[in-house]
Amino acid sequence: MQEFTDKIRAALSERSGLPAQGLKLEQPRDPKLGDFAFPCFPLAKALKKAPPAIAAELAGELAEDLDGISVEAAGPYLNFRVDPARLAESVVSAAVEAGSSYGSTRDGEGKKIVIDLSSPNIAKPMSVGHLRSTVIGGALQRIFDALGYETVGINHIGDWGSQFGKLIAALDRWGAETDLETDPIQALLALYVRYHEEEESDPELAEAGRAAFRALEGGEDEEVRRKWEHITELSLAEFDKIYSRLGVTFDEVRGEAFYEPYLESAVDRVEAAGITEMSEGALIVDLSHISESTPPCLLRKTDGTTLYATRDLAAVFHRWELYEFTRCLYVVGGDQRLHFQQLKGVLERMELDWEERVEHIAFGMMRLPEGRMSTRKGRVIFLEDVLDRAVEEALRIIHEKNPDLSCAAEVAEQVGVGAVVFNDLRRERIKDVEFDWDEILSFEGETGPYVQYTHARLASIQRKAKDRGEGEGEPDWAALEDARGVLLRIGRFPDVLRSAARNAEPSEVSTWLLGLSREVNGWYASHRVLGQDSGVTTARLALVRATQQALAAGLRLLGVAAPDEM
RNA sequence: GCGCCCGUAGCUCAGCAGGAUAGAGCACUGGUUUCCUAAACCAGGGGUCGCAGGUUCGAAUCCUGCCGGGCGCGCCA
């Protein structure tokens, strides 16, 4: 479709003298007005004429330049309409030829994008809260891949810090009475909760926790190290089960511990920049250049051990040296805004010019109706339970609506998990979401299953056409005149992807999928594909195919399966 | 107290880097299946775009203040 917009821009640029790139083509309010619109207001000043007069004049001139595109002035607007047959042929062919890679470009060739995603903490179960980073990050990685970037998805496991000292202390004290093998994460969680319950009234326990972390960080105590490694292995094995259901893979799975050997040099590097100071016994970087009230970044505690910020600093240095990224995206909740502001603040004070390539891709918090989730207080919803219930519900509906479906269990998994994933990617990532079972188990309206269902019906028509040997004639492209809405949606996909990547916003893809589904469902309800005049059937079938593939391409980027039957 | 984020229909959200009469879904009411999957489609009601100023030919969109909600604020991660 870009061929048409390029043509319009070029002609407009020629006639107005403005650079083609800056000309913004919009969609007319009412689709009846045209396919693209150009408001003439910005030209008024330069030409010293009223916008409607400019529009009228340009309409006449442009009509000569644009072959196959009609122009009409409507007040201060210029409305363009592409010849229906040309639009149909162009959009449908592009989508069908590209197939599952429709929307892909080479925009990002030679550029690297590092994405920090998921990043759960060891020894804690994955809650629906962790879903967000995993699913948003996974979608972003696929979107950037599709645009030709080289991406590096890093799962930065929270496997380090004083909490593991606490856990080891708890294990030392109560390990004998704990079964770690049957359900390791639940057992570890119970230990963690118990530690916190007893810590306050038991100074010895608190000291044991601190001592264990010191020993862990010191690296000389083999015993402590082994316990920590065991905890890590148990947890990672559990996480992998979820990741495989979500279809998420990583290029690197690195715990914070991985950066442990780099901590000293990271601190040295910051110190060498001459921006550190001692404050109340701790090593800090002052950040008052950001604002008077920005708290300093702590690199080292009074007892000499490092902190979260130190490790993230070591990690970002390491990533820069390894990849020289174009963008380094941290898909982390908005509650950590200050942390990333401080991290970037330190890089800024070090005068590293790549500081602005580091971005915090913040997302809203997942909350329960009764408030914030809290693992310690047992106020959490486990991701596994949500997936299981969604799949169960999908299976129930399949039995009800399509009892003959052959691979029902497999499709139920695709639909159930798809519903959960899509639901999370449906709204702008920045918005907080309140967890709601009814919403997540709903498969009607603006949901993943709605898009999947649309896809399945389009796939079904193609199967039937093949059986009957229909749709092999010369396509009568003009017959797609009244599928304009569908065509324009399909044609817009490459722009949607670019925008989604620029804004690191997967919801732009979900919104597009819902719009295309709505559009094609409306068309489907009033047009029959099979059994028409050969040219009409062929053209409609091609549209069906193009739409089906476009939907599949979009769903794939979001990490949602596109079953052919459901 | 200070800082950041959010605020569009009863509910959940779109509204594309300011542009034409603010759009969907859910819920509610009514309709559509001898016809390619009714997880669908069509029709209907429902809005002072939190409030007040400002910038502009033009503001849901940009700026300022206020209100409401969320999050955060040195040795946790």
Side-chain angles (χ1 to χ4, degrees), chain A residues 24 26-30 33 37 39 41-42 44-45 50-51 74-77 79 119 121 158 160-163 166 256 279-284 291-303 305-309 311-312 333-339 341 362 364-365 367 372 394 397-398 400-402 405 415 419 426-428 430-434 436 438-439 442-447 449-450 452-454 456-465 468 492 495-496 499 502-503 507-508 511-512 514-515 517-518 521-531 540-541 544 565-566:
Chain A
K24 197 180 146 206
E26 340 189 303
Q27 308 163 239
R29 264 267 164 271
D30 184 347
L33 293 170
F41 303 100
K45 247 186 203 140
Y77 289 88
N79 291 319
S119 310
N121 289 327
W160 204 246
S162 50
Q163 55 172 324
K166 296 175 184 180
E256 292 182 282
S279 166
E280 297 165 40
L283 185 69
I284 67 160
S291 88
E292 204 48 49
S293 58
T294 305
C297 179
L298 269 82
L299 296 181
R300 228 190 259 287
K301 294 189 255 183
T302 318
D303 68 2
T305 55
T306 58
L307 292 107
Y308 180 46
R311 294 188 283 277
D312 251 3
D335 54 349
Q336 290 190 40
R337 278 198 170 86
L338 179 59
H339 167 70
Q341 200 182 9
M365 297 283 93
R367 280 175 297 106
R372 206 187 169 136
I397 295 176
I398 288 170
E400 180 188 311
K401 309 208 180 228
N402 195 357
L405 187 63
V415 173
R426 191 166 57 99
R427 60 204 111 208
E428 253 186 319
I430 199 67
K431 297 210 158 108
D432 285 351
V433 311
E434 188 172 292
D436 179 359
D438 287 343
E439 181 186 287
S442 153
F443 296 172
E444 288 171 20
E446 296 178 327
T447 65
Y450 170 72
Q452 291 174 315
Y453 177 69
T454 308
R457 291 209 296 182
L458 299 178
S460 171
I461 294 178
Q462 294 176 74
R463 279 194 304 275
K464 293 216 154 75
R468 302 196 202 175
R492 204 164 286 131
D495 281 343
V496 169
S499 174
R502 185 178 63 237
N503 301 326
S507 71
E508 292 183 24
T511 301
W512 173 81
L514 289 170
S517 298
R518 195 184 325 115
N521 276 322
W523 178 82
Y524 175 102
S526 55
H527 296 78
R528 254 194 93 72
V529 175
L530 304 179
R540 288 185 180 168
L541 192 62
V544 163
E565 290 180 75
M566 65 185 267

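Reminder, nothing fancy here: chain letters follow the sequence lines and each chain counts from 1.
In this structure, the CD atom of A/Glu444 is 19 Å from the P atom of B/rA24, given to the nearest Å. Separating the CG atom of A/Asp303 from the C1' atom of B/rC76 is a distance of 13 Å, rounded to the nearest angstrom. Following rounding to the nearest Å, A/Arg367 (CZ) and B/rU12 (C1') show an atom-to-atom distance of 14 Å.
Looking only at side-chain heavy atoms (C-beta outward), A/Lys401 and A/Tyr453 stay at 4.5 Å or farther from each other. Contact annotation: the side chain of A/Lys301 approaches that of A/Leu307 to within less than 4.5 Å [non-hydrogen atoms, C-beta and beyond].
Looking at heavy-atom distances under 4.0 Å, A/Leu338 makes contact with sugar-phosphate atoms alone, never a base. At the heavy-atom level, A/Tyr450 lies under 4.0 Å from the strands shown only through sugar-phosphate atoms. Within the nucleic acid shown, A/Thr302 comes within 4.0 Å of at least one base atom, counting heavy atoms only. Heavy atoms of A/Gln452 sit nowhere under 4.0 angstrom from any nucleic acid atom. Counting non-hydrogen atoms under 4.0 angstrom, A/Asn79 reaches a base of the nucleic acid. Within the 4.0 angstrom heavy-atom criterion, base atoms lie near A/Ser460. The residue A/Leu33 sits close to a base: some heavy atom pair falls under 4.0 Å. Across all strands, A/Pro295 comes closer than 4.0 Å only to sugar-phosphate atoms, never to a base (heavy-atom distances). Using a 4.0 Å heavy-atom criterion, one finds that A/Arg502 contacts the bases of the nucleic acid, with or without backbone contacts as well. Heavy atoms of A/Gly161 sit under 4.0 angstrom from primed sugar atoms or phosphate atoms, though from no base atom. Using a 4.0 Å heavy-atom cutoff across all strands shown, A/Gly522 reaches sugar-phosphate atoms only and no base atom. Contacts of A/Pro28 with the nucleic acid, taken as non-hydrogen atoms under 4.0 Å apart, include base atoms. Residue contacts for A/Ile398: at a heavy-atom cut-off of 4.0 Å it reaches a base atom on one of the strands shown. Residue contacts for A/Glu256: at a heavy-atom cut-off of 4.0 Å it reaches the sugar-phosphate backbone alone, with no base atom in range.
Both A/Leu298 and A/Ala37 lie near RNA chain B, and the one whose nearest nucleotide falls closer to the 5' end is A/Ala37. Both A/Gln27 and A/Arg300 lie close to RNA chain B; mapped to their nearest nucleotides by heavy-atom distance, the more 5′-ward contact belongs to A/Gln27.
To the nearest whole angstrom, the two P atoms, one in B/rC5 and one in B/rA9, are 22 Å apart.
When the nucleotides B/rA38, B/rC76, B/rA14 are ranked by their closest atom to the side chain of A/Glu428, B/rA14 comes out on top.
Pairing for B/rG30 is with B/rC42, a Watson-Crick or G-U wobble pair whose two hydrogen-bonding atom distances lie under 3.5 Å. Across all strands shown, B/rA52 forms a Watson-Crick or G-U wobble pair with B/rU64, both key distances being under 3.5 Å.
A sub-4.0 Å separation between OP1 or OP2 of B/rU8 and a side-chain N or O of A/Lys431 is absent. The shortest distance between the side-chain N/O atoms of A/Arg457 and the OP1/OP2 oxygens of B/rU37 is not below 4.0 Å.
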